[in-house]
Amino acid sequence: MKTVLVTGANGLLGQHLINILLKESYTVIGCSKGPCRLPFVSNTNFIYYDCDITDEIAVYNIFEKEQPAIVVHAAAMTQVDDCELQQEKAEAINVKGTATVLLNAEAHSSHFIYISTDFVFDGEKGNYAEDDHLNPISWYGFTKVQAESITELSEISWTIIRTCLVYGNTLSGTRSNIVTWVKQNLEAQQSIKVVTDQVRTPTYVADLAKGIVLIIEKNATGVFHVSGKDVLTPFQMAEAVASYFKLDRNLLQPVDASTFTQPGKRPLKTGFNINKAVTQLGYQPLSFEEGIAKMFEAN
Ligand SMILES: NC(=O)c1ccc[n+]([C@@H]2O[C@H](COP(=O)([O-])OP(=O)(O)OC[C@H]3O[C@@H](n4cnc5c(N)ncnc54)[C@H](OP(=O)(O)O)[C@@H]3O)[C@@H](O)[C@H]2O)c1
């Protein structure tokens, strides 16, 4: 089986992607900043490198040693407000870091798969298709557009996968997402303010991982939107969580996005048209309710 290098291995997506790749018998090289937080250390098809992608020599050495056929570049500075407040750092990781990984993928003729975001759009239109006009309104979104641009200029085979509001459990460690945030607050009888005027197509993390595997298997290149299929506001998502766990929905306070003053602007209406992924890849995501059920089915 082919060797796949996954950057951002410790992250929400990285953990689930590596899980499914190992189940499909790929050899996986995981690379992330800091010690390994993945529960696969005993798997002989898995090797982990503690590697900061801004360290050019460290990245070069991994490629020289492992010669990956496929690279899924998921490592990024992902917190929108941190990116706004630390713009140089965000650029170093999200743009220059991507360039470093891509240059090495080029040297080894690997298939380069870049994970991007709905935040490349301005949120005026919603239901975005792959060829819609990019117009980021945050520094995070801007760095992701820059990284997409350098990917598109490459002469090796490349794929850009844009995804939207990813939720799911981390396999180890914790990372809050819309489902866990609502559940934990309502269980503690805490009232929370939830936005009614943003729109997203929330994505169950294992669906995204499966979409990436479909792209690897089909050798699909170009840009793909890979997200959930339900078009929902955060308030509707919170209502679905309350209803699923039979929690008190009166604790949900509807508010406009303008209620929050955050350093990084969020696009109002995103969400994806996923027809291309459905027809060309056979991608079939869960509904939001099915995703919530999957998250908690083992508990
Ligand atoms: N989550 C979403 O809702 C969402 C939506 C759209 C697009 N995306 C994109 O999907 C990709 C994966 O996101 P995610 O949800 O898995 O985010 P995540 O949980 O924050 O994972 C990102 C990973 O990258 C690692 N990383 C950060 N800087 C690094 C560096 N300099 N060198 C090496 N590794 C570094 C992080 O390390 P630490 O764990 O140590 O911080 C983390 O493990 C990202 O490219 C993101 O932009 C995510």
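Quick note: numbers below take in every heavy atom, side chains included, and nothing from hydrogens, waters or symmetry partners. Remember, it's 1-based here, ligands and their atoms both numbered in the order they're listed.
- Taking the six-membered ring for Trp, F245 and F296 have ring centres closer than 6.0 Å.
- Side-chain atoms of K144 and Y114 include a donor-acceptor pair closer than 3.5 Å.
- In this structure, the side-chain contact (heavy atoms from CB on, under 4.5 Å) partners of N275, at least two apart in sequence or on a different chain, are N273.
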N/O donor-acceptor pairs under 3.5 Å from side chains in residues 100-109, not counting sequence neighbours:
residue, atom, partner, partner atom, Å
T100, OG1, K96, O, 3.0
N104, ND2, T100, O, 2.8
E106, OE2, S154, OG, 2.7
H108, ND1, Q67, OE1, 3.3
H108, NE2, E64, OE2, 3.3

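- Taking the six-membered ring wherever Trp is involved, the centroid distance between the rings of F288 and Y167 falls below 6.0 Å.
- Other members of the cluster containing F260 are V195, V255, with ILVMFWY side chains joined at under 4.5 Å, either directly or via other members.
- For ligand 1, residues of the protein lying within 4.0 angstrom by heavy-atom distance are G8, N10, G11, L12, L13, S32, K33, R37, C51, D52, I53, A74, A75, A76, T78, I93, I115, S116, T117, Y140, K144, T163, L165, V166, R175.
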